[in-house]
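This one's a predicted model, so the numbers in the text were calculated from it and none came from an experiment. Every number for a ligand or one of its atoms is a count from 1 in the order of the listing.
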Amino acid sequence: MPNRPRKPFTYSEPTSVVTGAAGFLGSHLVDLLLARGHRVIAIDNLVTGSIDNIAHLAGIPGFKFIDQDVTEFLFLDAAIDYVWHFASPASPVDYLDLPIQTLKVGSLGTHKALGLAKAKKARFLLASTSEIYGDPLVHPQPEEYWGNVNPIGPRGCYDEAKRFAEAMTIAYHKEHRVETRVARIFNTYGPRMRLNDGRVVPAFISQALKNKPVTVFGKGKQTRSFCYVSDLIDGIYRLMMSACDQPVNLGNPSELTVLQFAKEIIRATESKSEIVFKPLPQDDPRQRQPDISKARTLLNWEPKVPLETGLVKTIEYFRAKV
Ligand code: UDP
């Protein structure tokens, strides 16, 4: 038999689809994937995301942007290895404003993204949230905790959509054998958060930079634990590449009260702002701190960036915007 000429060995890059790619987390994820040699198809309908977050990627080989609502059917020609489902309004102010779109993207959007993963035999990662624990009665929150959610309260549209999204993801895993990963993301901060998204980090930093009153809701005794974005995205990548098909908490366990956080922002910005107290929004979780034992053991991951360091970078970003 004659010797056939051998095809030259070609290394094929993995292809990733990122929904919500123009958002805060989505855009940082796209940067990381491109840096790690993935081709990236970025999808966003720009309802809460911003094209500015991915403008620096225009024209880069291996990067493609599609302006689409992920609740619509997703047709893509390419072979796809990974689907990272990040599309959703994520700030309480945004989802209060867009309750139906929030419910739709968490339910119909997750269904479409899972359908795409199934059709392409791709691995799927859901960006879930600490909000699935609601106003938690267990502290810190381990993945085994089922949560304390008010389905018809102002946060219900987000919390229940994400709980549905988790249920749908696990169902696709069980019934269709899709390889799935679920990241429960706790409060994360960093450059590219929207200045007016109403979340505590952009709110306090922009108020402090303008020397305007810093608005603490309630008495500021509620707690949050803030993770810097580069740490979070590293955890997300590790989770996707791991064998872990059960939900994993990703966040920084270092917890502080909102009042302590306001003081820290005033210090870090060298602001003259005073603190003023405003009514606590309904169903605002009183405490939140991730138990990250699972991520430590299964992903060999834990956050590295201290709050002071992360805040310097975040404040620098907002200084140019206010
Ligand atoms: N918060 C505040 N002042 C603000 C914005 C938020 O005191 O101007 C509080 C809010 O009530 C909550 C915490 O900061 O207890 C974090 O709020 P955020 O909207 O960032 O997200 P959440 O963690 O509640 O989803």
**Fill in**
Interatomic distance, CD@Glu302 vs OG@Ser293, rounded to 0.5 Å, equals 10.5 Å
**Prompt:** If you look only at pairs with a residue in residues 128-141, which of them pass as a salt bridge (Lys or Arg N to Asp or Glu O under 4.0 Å), with sequence neighbours excluded?
**Reply:** Glu131-Arg155, Glu131-Arg288, Asp135-Arg286
**Asked** Less than 6.0 Å separating the ring centroids of Phe24 and Tyr189?
**Response** no
Below 3.5 Å, can you tabulate the donor-acceptor pairs from side chains in residues 306-322 to any protein atom, sequence neighbours excluded?
{"from": "Thr314", "atom 1": "OG1", "to": "Gly310", "atom 2": "O", "distance (Å)": "2.7"}

**Asked** Under 30°, 30 to 60°, or over 60°: which ring-plane class applies to Tyr82 and His38, parallel, tilted or perpendicular?
**Response** tilted
Under 3.5 Å, N/O to N/O: give me all the pairs between ligand 1 and the protein, one per line with atom names and distance.
{"from": "ligand 1", "atom 1": "3 (N)", "to": "Thr215", "atom 2": "O", "distance (Å)": "2.6"}
{"from": "ligand 1", "atom 1": "7 (O)", "to": "Phe217", "atom 2": "N", "distance (Å)": "2.7"}
{"from": "ligand 1", "atom 1": "8 (O)", "to": "Thr215", "atom 2": "O", "distance (Å)": "3.3"}
{"from": "ligand 1", "atom 1": "8 (O)", "to": "Thr215", "atom 2": "OG1", "distance (Å)": "3.0"}
{"from": "ligand 1", "atom 1": "11 (O)", "to": "Asp284", "atom 2": "OD2", "distance (Å)": "2.5"}
{"from": "ligand 1", "atom 1": "15 (O)", "to": "Gln222", "atom 2": "NE2", "distance (Å)": "3.0"}
{"from": "ligand 1", "atom 1": "15 (O)", "to": "Arg224", "atom 2": "NH2", "distance (Å)": "3.3"}
{"from": "ligand 1", "atom 1": "15 (O)", "to": "Asp284", "atom 2": "OD1", "distance (Å)": "2.7"}
{"from": "ligand 1", "atom 1": "15 (O)", "to": "Asp284", "atom 2": "OD2", "distance (Å)": "3.3"}
{"from": "ligand 1", "atom 1": "20 (O)", "to": "Val200", "atom 2": "N", "distance (Å)": "2.8"}
{"from": "ligand 1", "atom 1": "23 (O)", "to": "Asn187", "atom 2": "ND2", "distance (Å)": "2.8"}
{"from": "ligand 1", "atom 1": "23 (O)", "to": "Arg224", "atom 2": "NE", "distance (Å)": "2.7"}
{"from": "ligand 1", "atom 1": "23 (O)", "to": "Arg288", "atom 2": "NH1", "distance (Å)": "2.8"}
{"from": "ligand 1", "atom 1": "24 (O)", "to": "Arg155", "atom 2": "NH1", "distance (Å)": "3.4"}
{"from": "ligand 1", "atom 1": "24 (O)", "to": "Arg155", "atom 2": "NH2", "distance (Å)": "2.8"}
{"from": "ligand 1", "atom 1": "24 (O)", "to": "Arg224", "atom 2": "NH2", "distance (Å)": "3.0"}
{"from": "ligand 1", "atom 1": "25 (O)", "to": "Arg155", "atom 2": "NH1", "distance (Å)": "3.3"}

**Message:** Through direct or indirect side-chain contacts below 4.5 angstrom among Ile, Leu, Val, Met, Phe, Trp and Tyr, which residues connect to Phe186?
**Reply:** Ile132, Tyr133, Leu137, Val138, Tyr145
